[in-house]
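The shown structure was predicted, so the numbers you read here are calculated from the model rather than taken from an experiment.
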Amino acid sequence: MKKVFLILLFSLCTFSLFAQQKRIKVVHADNNITDEEKYPGATILLGNVYVEHEGITLRSKKAIYYQKRNFLKAFGDVFLNQGDTITQTSKYVDYDANTKKALSWGNVILKNPTITLTTDSLRFDRLKQKLYYQNGATIRDTTNVLVSNIGNYYLQNSKFQALSEVTLTNPDYVLKSNDLIYFTDSGKSYLTGPSTITGENNFIYTESGFYDTKANTSYFTKNSRIEYDNKEIKGDSLYYDRNLGFASATNNFQLKDTTNNSIIRGDYAEVFQKLDSAFVTKKAVAITEVEKDSMYIHGDTLLVTGKAKNRIVRAFPRVKFFKSDLSGKCDSIHSNQLTGLTQLYRKPVLWSEDSQITGDTIQLLSNTKTEKLDSLKVLSNAFIIQKDSIGFNQIKGRNLFGKFIENDLRDVTIIGNGEVINYLRNDESKELIGIEKLACSSMNFKFENSKLITSKFLTDADGDTYPPSEFPENARKFRGFVWRESERPFTKDAIFLKDEVANDNPSLDKNVSNDILPQVFKKETLSAKEKVQSKKIVKDKVKNDE
């Protein structure tokens with residue numbers, strides 16, 4: 001009984017299925033004939049053929065209609081129409097009314113309210129409302145022209161899936177890919193393979209991402225880069241607004257500028273292409289190649305403004321920098337590549353070979369042509385310390401002026417309140433023969449390979465040279481002496497290491513002067529409102545720099 005019931009149920013379903021498969025209706029033909037030898041079981045429709053089937057109409061010069069198969073072959077100026085949305089012209093159409101599938105070929109042109117598709121061969125699945133082609137097609141909408149070898153178009157959501165040698169041409173750029181999903185109504189596209197976007201002023205490469213072709217905004221998430229004006233932006237995730245010329249990047253950000261051999265890195269960045277400026281946080285570092293020896297500058301925040309030869313780099317707070325022959329630390333730094341002037345603020349310290357140099361403010365001047373260090377200024381509380389095996393050589397004064405030769409500090413002049421402690425040693429045996437302690441308002445020192453060669457006192461000096469045993473321990477360090485070697489970065493990676501804040505300045509990491517650090521940049525995570533503010537601040541800084 002159960003078996004009989006299943007057979008009956010299957011028969012009813014089959015009958016219902018065939019009942020739902022409505023026949024093709026021949027509305028008109030100027031003439032019809034039969035040719036059983038050539039077209040067995042078919043009616044040949046001739047002249048102004050017009051047929052209908054469940055929401056579509058088809059017109060042609062000739063058609064062969066197989067009634068039992070519910071199948072139609074149309075020839076000559078075939079015009080197919082589905083409701084008010086789709087019209088199509090072609091030379092030939094095969095239409096299966098049972099499966100509701102059509103194959104069109106020969107100069108196929110399909111139109112709906114948003115696109116025009118042209119191809120030589122097109123398949124149409126009416127049940128899925130899906131168009132697909134495998135021999136190349138061109139799709140035009142109000143904004144773009146899309147060309148690909150293989151593609152699927154889903155009418156219900158205006159979605160194109162284009163495969164193999166895809167090219168999307170926009171008035172502002174050309175997008176190429178092998179795997180693109182494109183929504184014709186919104187203009188949004190999704191890239192899931194190696195893709196390039198070439199514009200008049202930039203070039204983009206990505207292996208996964210999203211692009212809004214109408215709003216000109218994009219988001220890329222795999223092996224992505226943006227190139228413009230001899231610069232290259234990289235990041236694990238990149239957002240880009242073509243209209244604004246604005247990019248933001250998260251994780252492993254890098255901005256490379258081949259014009260001046262510089263690189264900026266960090267884990268979050270905002271780049272303002274039209275302003276030629278960038279704001280970088282989270283392990284931010286600026287790298288500049290100087291005589292094949294790179295300078296690394298790190299701060300919690302980097303603000304880079306201006307074009308290549310007129311660029312200003314600001315880093316704040318907790319700044320460290322490293323070069324093979326020079327390193328340093330301060331709370332904020334301001335470097336002007338046009339003038340070659342670099343200024344260090346708030347407890348700055350420099351290490352040049354064996355010398356530690358400190359003061360209230362330190363200024364370094366480089367030769368803009370040779371890119372070599374030229375001179376040094378230490379303003380207020382200047383202090384140079386060199387470690388001896390049993391003590392410290394020290395030079396102290398109000399202001400210090402130094403001269404570099406081949407990046408080596410060779411000449412130092414102290415102006416105001418000068419003092420010196422120098423451990424004197426025999427040139428040959430290096431045996432300690434005395435300790436010199438002198439005071440002089442102005443004095444000059446010559447160095448070679450970080451060793452003091454000569455001293456010249458520009459005014460009357462007061463002091464003496466003492467035997468080591470007669471020089472008291474409590475007199476061997478000047479007031480304000482701080483040996484900061486533990487803070488010194490000896491490698492480029494060490495600039496990222498945080499060290500103890502000096503006990504005599506517990507507020508060092510809390511505040512930075514307003515002219516160096518805009519308030520909005522104190523937070524690592526910026527809100528939408530704060531990002532708008534940050535763009536304004538960058539613009540203001542660029543304007544001031546100019």
Check your understanding: Hey, is Asp276 close enough to Arg311 for a salt bridge, meaning N to O under 4.0 Å?
Key -> yes
Exercise for review: Check whether any side-chain N or O of Asn422 sits under 3.5 Å from a backbone N or O of Leu424 as a donor-acceptor pair, and report yes or no.
Suggested key: no
Check your understanding: Is the shortest heavy-atom distance from the side chain of Phe404 to the side chain of Ser352 under 4.5 Å?
Key -> yes
Can you list, pair by pair, the side-chain donor-acceptor contacts under 3.5 Å of residues 179-187, counting residues two or more places apart and other chains?
{"unit_1": "Asp179", "atom_1": "OD1", "unit_2": "Thr192", "atom_2": "OG1", "d": "3.2"}
{"unit_1": "Asp179", "atom_1": "OD2", "unit_2": "Thr192", "atom_2": "OG1", "d": "2.9"}
{"unit_1": "Tyr182", "atom_1": "OH", "unit_2": "Asp141", "atom_2": "OD2", "d": "2.3"}
{"unit_1": "Tyr182", "atom_1": "OH", "unit_2": "Asn144", "atom_2": "ND2", "d": "2.8"}
{"unit_1": "Thr184", "atom_1": "OG1", "unit_2": "Tyr153", "atom_2": "OH", "d": "3.2"}
{"unit_1": "Thr184", "atom_1": "OG1", "unit_2": "Ser158", "atom_2": "O", "d": "3.4"}
{"unit_1": "Ser186", "atom_1": "OG", "unit_2": "Lys188", "atom_2": "N", "d": "3.3"}

Point to revise | Side-chain heavy-atom pair Phe447, Asp408 within 4.5 angstrom cut-off | key: no
Point to revise | Residues forming a ring-ring contact (aromatic ring centres under 6.0 Å, His included) with Phe496, sequence neighbours excluded | key: His298
**Study point:** Sub-4.5 Å side-chain heavy-atom contact between Thr198 and Tyr173
**Key:** no
Point to revise | Closest non-hydrogen atom pair, Thr213 against Ser189 | key: CG2-OG, 4.1 Å
Review point. Counting heavy atoms not belonging to Lys234, are there more than 12 under 6.0 Å from its NZ?
Key: no
Revision key, fill the gap. Shortest non-hydrogen pair, Ser442 vs Gly416, comes out as OG-N, 4.0 Å
**Study point:** Counterpart residues, salt bridge (Lys or Arg N to Asp or Glu O under 4.0 Å), relative to Lys403 (two or more places apart)
**Key:** Asp374
Practice item. Check for a donor-acceptor pair, side chain of Ser195 on one end and backbone N or O of Gly193 on the other, with a separation under 3.5 Å. Key: yes
Point to revise | Min side-chain heavy-atom separation Tyr154-Gln161 under 4.5 Å | key: yes
Review point. With a 3.5 Å cut-off and no angle check, do the side chains of Thr459 and Ser441 form a donor-acceptor pair?
Key: yes
Study note, to complete from the structure: Contacts of Arg488 meeting salt bridge (Lys or Arg N to Asp or Glu O under 4.0 Å) (sequence neighbours excluded), chain-then-number -> none
**Study point:** Sub-4.5 Å side-chain heavy-atom contact between Tyr211 and Asn216
**Key:** yes
Check your understanding: Does some side-chain heavy atom of Phe478 sit less than 4.5 Å from a side-chain heavy atom of Lys437?
Key -> yes
Revision key, fill the gap. Residue pairs meeting ring-ring contact (aromatic ring centres under 6.0 Å, His included), one or both in residues 369-395, sequence neighbours left out, come to Phe392-Phe481, Phe392-Trp483
Review point. What residues, two or more places apart in sequence or in another chain, satisfy salt bridge (Lys or Arg N to Asp or Glu O under 4.0 Å) together with Asp411?
Key: Lys446
Exercise for review: Please name all residues satisfying ring-ring contact (aromatic ring centres under 6.0 Å, His included) with Tyr228, sequence neighbours left out, ordered by chain then number.
Suggested key: none
Exercise for review: Output yes when a side-chain donor or acceptor of Asp331 lies under 3.5 Å from a complementary backbone atom of Pro317, and no otherwise.
Suggested key: no
Exercise for review: Under the side-chain hydrogen bond (donor to acceptor under 3.5 Å, both in side chains) rule, what do Ser248 and Glu270 come out as? Steps first, then yes or no, please.
Suggested key: CA-CA 4 Å; Ser248 64; Glu270 295 178 0; over 6 Å; no
Check your understanding: Can you name the one residue among Asp257, Ile264, Thr258, Val271 that meets side-chain contact (heavy atoms from CB on, under 4.5 Å) with Lys231?
Key -> Asp257
Practice item. Anything under 30° is parallel, anything over 60° is perpendicular, the rest tilted; go ahead and classify Tyr268 against Phe279. Key: perpendicular
**Study point:** Gap between atom NZ of Lys307 and atom OG of Ser277 - 0.5 Å precision
**Key:** 8.5 Å
Check your understanding: Does the distance from a Lys or Arg side-chain N to an Asp or Glu carboxylate O, for Asp267 and Lys283, drop under 4.0 Å?
Key -> no
**Study point:** Under 3.5 Å: donor-acceptor pair, side chain of Ser332, backbone of Phe316
**Key:** no
Exercise for review: Tell me, yes or no, whether the heavy-atom count around Asp460 atom CG, taken from other residues, nucleotides or ligands under 6.0 Å, exceeds 12.
Suggested key: no
Revision key, fill the gap. Separation between CG (Leu409) and OG (Ser375), nearest 0.5 Å, reads 10.5 Å
Check your understanding: How far apart are the closest heavy atoms of Ala284 and Asp300, and which atoms are they?
Key -> CB-O, 4.4 Å
Review point. Side chain of Asn417, backbone of Gly397: donor and acceptor closer than 3.5 Å?
Key: no
Exercise for review: State, to 0.1 Å, how close Met443 and Val420 come at their nearest heavy-atom pair, and which atoms those are.
Suggested key: CE-N, 4.2 Å
Review point. What residue pairs, at least two apart or across chains, pass salt bridge (charged side-chain N to carboxylate O under 4.0 Å, His left out) with a residue in residues 211-221?
Key: none
**Study point:** Verdict with reasoning, Asp293 to Ser324, per side-chain hydrogen bond (donor to acceptor under 3.5 Å, both in side chains)
**Key:** CA-CA 7 Å; Asp293 181 16; Ser324 64; 2.4 Å; yes
Practice item. Only counting residues at least two apart or in another chain, list the ones meeting salt bridge (Lys or Arg N to Asp or Glu O under 4.0 Å) with Asp325. Key: Lys323
Point to revise | Results of ring-ring contact (aromatic ring centres under 6.0 Å, His included) for Tyr240 - residues two or more places apart only | key: none
Check your understanding: Side-chain contact, heavy-atom cut-off 4.5 Å: Val412 with Leu400?
Key -> yes
Point to revise | Ser486 side-chain N/O to Arg484 backbone N/O, donor-acceptor pair under 3.5 Å | key: no
Review point. Would you find a donor on one side and an acceptor on the other, under 3.5 Å apart, between the side chain of Thr217 and the backbone of Ala215?
Key: no
Practice item. Test Phe220 against Tyr205 for side chain to side chain contact (heavy atoms under 4.5 Å, CB included), laying out the working first. Key: CA-CA 9 Å; Phe220 308 114; Tyr205 174 85; over 6 Å; no
Review point. Under a 4.5 Å cut-off applied to non-hydrogen side-chain atoms, are Leu326 and Met295 in contact?
Key: yes
Point to revise | Asn381 side chain vs Gly359 backbone, donor-acceptor pair below 3.5 Å | key: no
Review point. Which pairs, with at least one residue in residues 386-395 and sequence neighbours excluded, count as a salt bridge (charged side-chain N to carboxylate O under 4.0 Å, His left out)?
Key: Asp388-Arg425
Exercise for review: Sort out for me which residue in Thr342, Ile495, Leu350 forms a side-chain contact (heavy atoms from CB on, under 4.5 Å) with Phe321.
Suggested key: Leu350
Check your understanding: For Val482, does its backbone N or O pair with a side-chain atom of Gln356 as donor and acceptor, under 3.5 Å?
Key -> yes
Check your understanding: About how many Å separate CZ of Phe210 and OH of Tyr219, when rounded to the nearest 0.5 Å?
Key -> 11.5 Å
Revision key, fill the gap. Across all chains, not counting sequence neighbours, the side chain to side chain contact (heavy atoms under 4.5 Å, CB included) partners of Asp354 are Ser450, Lys451
**Study point:** Inter-residue atom distance Trp351.CH2 - Phe490.CZ, 0.5 Å rounding
**Key:** 8.0 Å
Check your understanding: Within the side chain of Ser366, is there an N or O that forms a donor-acceptor pair under 3.5 Å with the backbone of Thr368?
Key -> no
Check your understanding: If you round to the nearest 0.5 Å, how far is CD of Gln343 from CG of Leu365?
Key -> 10.5 Å
